[in-house]
Student: 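My questions all concern the structure below.
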Amino acid sequence: MSSTPLPGIGVRYDLTTRESRRLSVIAHRDGGRTLSAYRREDPDECALSTRLTPGEAEALVGVLMPSHHNPNLLSTTELGLVAERIELSTTSYWNGRVLGETRMRTETGASIVAVLRRAEAIPSPTPDFRLAGGDELIVIGTREGVETAAAILGRE
């Protein structure tokens, strides 16, 4: 990402994506934004340019990176519960140990309701279920409980 001051206008930010696509955003002094995308075959030729109001720019930022965004988050409910997928590292302290040793429900109030292992789903794992590195645990609880569960499961 690079930035270029545009005197009297604002600042232009340029980004080249992993796919070698060039994008730019001009942050205007009035709060508006101009979003531009350039052609792959000629990175100097603009394929799209659109001016956004400050409200439209804010809405776009909210869609691109919402404050509540978590790629492992499966769902939320109006009751304040979240379901999240947490991967157990191969270097985790819990790799090879049984689920009951984590004391997950007691310590966090969150429940591990399923484990995804390779192509298999193990619903409602019992306390004697042996965890393995690479397992993806489906955890349900309050946001705070699930975050605490992730910290516990991330222990090495």
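Quick caveat: nothing in here was measured; it's all calculated off a predicted structure.
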Student: Could you tell me whether the side chain of Tyr38 reaches within less than 4.5 Å of the side chain of Leu48, counting heavy atoms only?
Tutor: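 SC-SC contact between Leu48 and Tyr38 ruled out.
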Student: Hey, does the side chain of Thr17 reach the backbone of Glu19 with a donor-acceptor pair shorter than 3.5 angstrom?
Tutor: yes
Student: With a 4.5 Å cut-off on side-chain heavy atoms, are Ile152 and Glu107 touching?
Tutor: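 Result yes, sub-4.5 Å side-chain heavy-atom pair found.
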Student: Could you report the tightest heavy-atom contact between Pro54 and Gly32, atom names first, then the distance?
Tutor: CG-N, 3.9 Å
Student: What is the minimum heavy-atom distance between Leu23 and Ala37, and which atoms define it?
Tutor: CD2-CB, 3.7 Å
Student: Would you please test Ile112 and Leu99 for side-chain contact (heavy atoms from CB on, under 4.5 Å) and show each step?
Tutor: CA-CA 9 Å; Ile112 297 173; Leu99 181 59; 3.2 Å; yes
Student: I'd like to know whether CD of Glu144 has more than 12 heavy-atom contacts from other residues, nucleotides or ligands below 6.0 angstrom.
Tutor: no
Student: Could you tell me if the side chain of Arg118 sits less than 4.5 Å from the side chain of Glu120, heavy atoms only?
Tutor: no
Student: For the CG atom of Asp44 and the CD atom of Glu41, what is their distance to the nearest 0.5 Å?
Tutor: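 Going from the CG atom of Asp44 to the CD atom of Glu41 covers 12.0 Å.
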Student: Between CD of Glu87 and CD of Glu136, what distance do you get to the nearest 0.5 Å?
Tutor: 5.0 Å
Student: Arg33: which residues meet the salt bridge (charged side-chain N to carboxylate O under 4.0 Å, His left out) condition with it, sequence neighbours left out?
Tutor: none
Student: Counting only N and O atoms by type, is there a donor-acceptor contact under 3.5 Å from the side chain of Arg130 to the main-chain atoms of Gly96?
Tutor: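 The answer is yes, because a donor-acceptor pair under 3.5 Å joins these two groups.
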Student: Without hydrogens or angle criteria, can the side chains of Thr16 and Arg22 be said to hold a donor-acceptor pair below 3.5 Å?
Tutor: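 No, no side-chain donor-acceptor contact under 3.5 Å.
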Student: Measure the CG-CZ distance between Leu137 and Arg85 for me, rounded to the nearest 0.5 Å.
Tutor: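 Here the interatomic distance stands at 11.0 Å.
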Student: Would Arg97 pass as a cation-pi partner of Tyr93, given that its NZ or CZ must be under 6.0 Å from the six-membered ring centre and within 45 degrees of the axis?
Tutor: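 So Arg97 does make the cation-pi contact.
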Student: Output side-chain donor-acceptor pairs under 3.5 Å for residues 5-12, partner residues at least two apart or in another chain, one line each.
Tutor:
{"residue": "Arg12", "atom": "NE", "partner": "Asp14", "partner atom": "OD1", "Å": "3.2"}
{"residue": "Arg12", "atom": "NE", "partner": "Asp14", "partner atom": "OD2", "Å": "2.8"}
{"residue": "Arg12", "atom": "NH2", "partner": "Asp14", "partner atom": "OD2", "Å": "3.1"}

Student: So for atom CD, which belongs to Glu58, do other residues, nucleotides or ligands contribute more than 12 heavy atoms lying within a distance under 6.0 Å?
Tutor: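 No, CD of Glu58 has 12 or fewer neighbouring heavy atoms, counting only those of other groups under 6.0 Å.
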Student: Do His28 and Arg51 come close enough that some side-chain heavy atom pair is under 4.5 Å?
Tutor: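 They are in contact (side-chain heavy atoms under 4.5 Å apart), so the answer is yes.
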Student: Say whether Ser36 and Ser49, considering side chains only, have a donor N or O and an acceptor N or O under 3.5 Å apart.
Tutor: yes
Student: Roughly how far, to the nearest 0.5 Å, is CZ of Arg155 from OG of Ser92?
Tutor: 8.5 Å
Student: Applying salt bridge (charged side-chain N to carboxylate O under 4.0 Å, His left out), name anything that partners Arg117, two or more places apart in sequence or on another chain.
Tutor: Asp135
Student: Considering only heavy atoms from C-beta outward, does the side chain of Glu56 approach that of Thr53 to under 4.5 Å?
Tutor: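 Of all side-chain heavy-atom pairs linking Thr53 with Glu56, at least one is under 4.5 Å.
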Student: Considering non-hydrogen atoms only, spot the tightest contact between Leu88 and Trp94 and give its length.
Tutor: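 Shortest heavy-atom separation between Leu88 and Trp94 comes out as CD1-CB, 4.1 Å.
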Student: Is there a side-chain contact between Leu35 and Ile26 in this structure, where contact means two heavy atoms from C-beta onward sitting under 4.5 Å apart?
Tutor: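 No; the side chains remain at least 4.5 Å from each other.
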Student: Taking all non-hydrogen atoms of both residues, which atom of Ala121 and which atom of Leu116 are closest, and how far apart?
Tutor: CB-CD2, 3.8 Å
Student: Do you know the tightest heavy-atom contact between Val146 and Ile140?
Tutor: CG2-C, 4.1 Å
Student: So, do Met104 and Leu153 sit near enough that their side-chain heavy atoms are less than 4.5 Å apart?
Tutor: yes
Student: If you look at every heavy atom in Pro125 and Val115, which pair is closest and at what distance?
Tutor: CG-CG2, 3.9 Å
Student: Take Leu131 and Thr102 through the test side-chain contact (heavy atoms from CB on, under 4.5 Å) and record every step on the way to the result.
Tutor: CA-CA 10 Å; Leu131 298 167; Thr102 67; 4.2 Å; yes
Student: Answer whether the closest heavy-atom distance between the side chains of Val139 and Val82 falls below 4.5 Å.
Tutor: no
Student: Is there a donor-acceptor contact under 3.5 Å linking the side chains of Thr4 and Tyr13?
Tutor: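 No.
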